[in-house]
Amino acid sequence: NAGVTQTPKFRILKIGQSMTLQCTQDMNHNYMYWYRQDPGMGLKLIYYSVGAGITDKGEVPNGYNVSRSTTEDFPLRLELAAPSQTSVYFCASSSSTGRNYGYTFGSGTRLTVV
Amino acid sequence: DQQVKQNSPSLSVQEGRISILNCDYTNSMFDYFLWYKKYPAEGPTFLISISSIKDKNEDGRFTVFLNKSAKHLSLHIVPSQPGDSAVYFCAASARSGSYQLTFGKGTKLSVIP
């Protein structure tokens, strides 16, 4: 009963490097999301997907890319990392819109860009 | 432009007493509201939700109240327990568009034994 699994848990990147944050869910949820949380702030939506092959931008998409080739996986790609991308990243999923039963979140990836 | 506001960054309550966490919103299109609880180094977990057609929803020790005219909701925890110490996020969803959740900044609740 894994739920939403994120890897890695921690990562330090140098400015200009790139990386992929992995997210996989085993609940057969159609909807998946990427959020970031900066210190003292709420969660802000980066990208979301309503099903395999369909992705759309959230509130703060600049500097990121996503793909959704399968129902289970929703990787987040950072190209040319910048210090402003230092944050905790959360992946989440829901069976439908998640409005009444909420999202299931992963445990997060703490990223530092130096 | 903060559409969901949690104006109290922190709250301390004695064990056994009531905890009241508040949330205000500005977008009149929001029609579903949720509360999440987050422990350090973990992802948020869903706690309770309420539709705008209701003004109250209960689940055990947790009750959410919605005042649509004031665009205000609150989460009551009775009685508070030390294990309730966490950050609580209020979130809202609009009935149009993609139904994305918009989160507040969170309130850190400390329940003192």
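Since we're looking at a predicted model, the values are computed, not measured. Below, chains carry the letters A, B, ... as their sequence lines are ordered, and counting in each starts from 1. What you see below is based on every heavy atom in this structure, not just the backbone, and it leaves out hydrogens, waters and symmetry mates.
In this structure, B/Leu11 is a member of the same hydrophobic cluster as B/Tyr88, with clusters built from ILVMFWY side-chain heavy atoms closer than 4.5 Å. Under a hydrophobic clustering in which Ile, Leu, Val, Met, Phe, Trp and Tyr are joined whenever their side-chain heavy atoms come within less than 4.5 Å, directly or via other members, A/Leu76 and A/Met32 fall into the same cluster. Cluster membership check: A/Tyr31 shares its hydrophobic cluster with A/Leu43, using side-chain heavy-atom separations under 4.5 Å among Ile, Leu, Val, Met, Phe, Trp and Tyr.
Interface remark: A/Gln6 contributes no atoms to any contact with chain B (heavy atom separation under 4.5 Å). Looking at B/Lys38, only its side chain comes within 4.5 Å of chain A, counting heavy atoms on both sides. Residue B/Ala41 touches chain A through its backbone alone, counting heavy-atom pairs closer than 4.5 Å.
For B/Arg17, the CZ atom counts as loosely surrounded, since its 6.0 Å shell holds 12 or fewer non-hydrogen atoms of other residues, nucleotides or ligands. Other residues, nucleotides and ligands contribute more than 12 heavy atoms inside 6.0 Å of the CD1 atom of B/Ile112.
In terms of modelled atom types and a separation under 3.5 Å, the side chain of B/Tyr36 and the main chain of A/Tyr103 share a donor-acceptor contact.
Of the inter-residue distances, the one linking A/Lys44 atom NZ with B/Thr102 atom OG1 reads 10.5 Å to the nearest 0.5 angstrom. Within the model, atoms CG of A/Asp38 and NZ of B/Lys105 stand 10.5 Å from one another, a figure rounded to the nearest 0.5 Å. A distance of 9.5 Å separates CZ in B/Phe103 from CD in A/Gln37, rounded to the nearest 0.5 Å.
Considering only residues two or more places apart in sequence or on other chains, B/Asn67 meets the side-chain hydrogen bond (donor to acceptor under 3.5 Å, both in side chains) condition with B/Ser69. By the side-chain hydrogen bond (donor to acceptor under 3.5 Å, both in side chains) test, B/Lys71 pairs with no residue at all, sequence neighbours left out.
The side-chain contact (heavy atoms from CB on, under 4.5 Å) with B/Leu101 is formed by just one residue from the set A/Tyr48, A/Tyr33, A/Tyr35; it is A/Tyr35.
The side-chain heavy atoms of A/Phe105 and B/Thr45, taken from C-beta on, include no pair separated by under 4.5 Å.
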